[in-house]
Trainee: 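My questions all concern the structure below.
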Amino acid sequence: MSDMSPLGRFVLVAMLWGARFSTLALAAIFALVIWQKWFSAAAIGGTRQDYTFLAIVGGLGVAAFIFARSVERELRK
C-alpha cells in the first residue's frame with residue numbers, strides 16, 4: 001500500500017497502538033487474576049468460573065496480538 005493516504009496511515013497507526021495497548025492490558029489482567037487466585041496469601045484456589053474467565057481473557061489477548069501483527073504487516077507494505 002505505497003499509495004496509502006496520510007489519513008489511512010494515521011488510522012492504521014492508531015489501530016496498531018490501540019491493539020498493542022489492549023494486548024498489554026489483557027496480559028496484565030490475566031496476570032493479576034492468576035496472582036490473586038493462586039499466589040496470594042489468602043488464595044483459596046481457582047474455580048470453574050475463574051478458568052472460564054482466564055480462557056476468555058487469554059483468547060481476547062491472543063486475538064489482539066494477531067490483529068496488531070496484521071496491522072503492522074499492512075503498514076510495512
Side-chain angles (χ1 to χ4, degrees):
M1 293 194 125
S2 60
D3 58 343
M4 186 185 308
S5 71
L7 179 61
R9 185 163 184 77
F10 174 75
V11 169
L12 282 178
V13 168
M15 287 171 51
L16 176 63
W17 282 102
R20 286 177 178 170
F21 175 77
S22 64
T23 301
L24 290 174
L26 288 166
I29 291 170
F30 190 89
L32 184 65
V33 170
I34 293 289
W35 177 262
Q36 180 184 12
K37 295 296 178 181
W38 286 284
F39 295 114
S40 69
I44 57 172
T47 63
R48 184 175 174 186
Q49 290 85 5
D50 295 328
Y51 293 122
T52 304
F53 179 74
L54 287 174
I56 291 171
V57 170
L60 287 173
V62 168
F65 178 74
I66 291 171
F67 180 69
R69 277 186 33 188
S70 66
V71 170
E72 192 172 11
R73 192 175 325 125
E74 189 66 32
L75 281 170
R76 273 190 262 137
K77 284 185 182 180

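Values in this document were obtained by computation on a predicted structure and should not be read as measured data. Numbering starts at 1 and runs along the sequence shown. The basis for the numbers below is simple: all heavy atoms, side chains too, and nothing from hydrogens, waters or symmetry mates.
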Trainee: Return all side-chain donor-acceptor pairs below 3.5 angstrom for residues 16-35, not counting sequence neighbours, or 'none' if the list is empty.
Mentor:
residue, atom, partner, partner atom, Å
Arg20, NH2, Glu72, OE2, 3.4
Ser22, OG, Gly18, O, 3.3
Ser22, OG, Ala19, O, 2.9
Thr23, OG1, Ala19, O, 2.8
Thr23, OG1, Phe65, N, 3.4

Trainee: Does anything in residues 21-31 form a salt bridge (charged side-chain N to carboxylate O under 4.0 Å, His left out)? List the pairs, not counting sequence neighbours.
Mentor: none
Trainee: List in chain and number order the residues that pass side-chain contact (heavy atoms from CB on, under 4.5 Å) with Thr47, two or more places apart in sequence or in another chain; answer none if no residue qualifies.
Mentor: Gln49, Asp50
Trainee: Who else is in the cluster with Val62 when I, L, V, M, F, W and Y are joined by side-chain contacts under 4.5 Å?
Mentor: Ile66
Trainee: Sequence neighbours excluded, which residues qualify as side-chain contact (heavy atoms from CB on, under 4.5 Å) partners of Tyr51?
Mentor: Trp38
Trainee: What distance separates Glu74 CD from Met4 CE, expressed to the nearest 0.5 Å?
Mentor: 5.5 Å
Trainee: Shared ILVMFWY cluster between Leu60 and Phe67, side chains joined below 4.5 angstrom?
Mentor: no
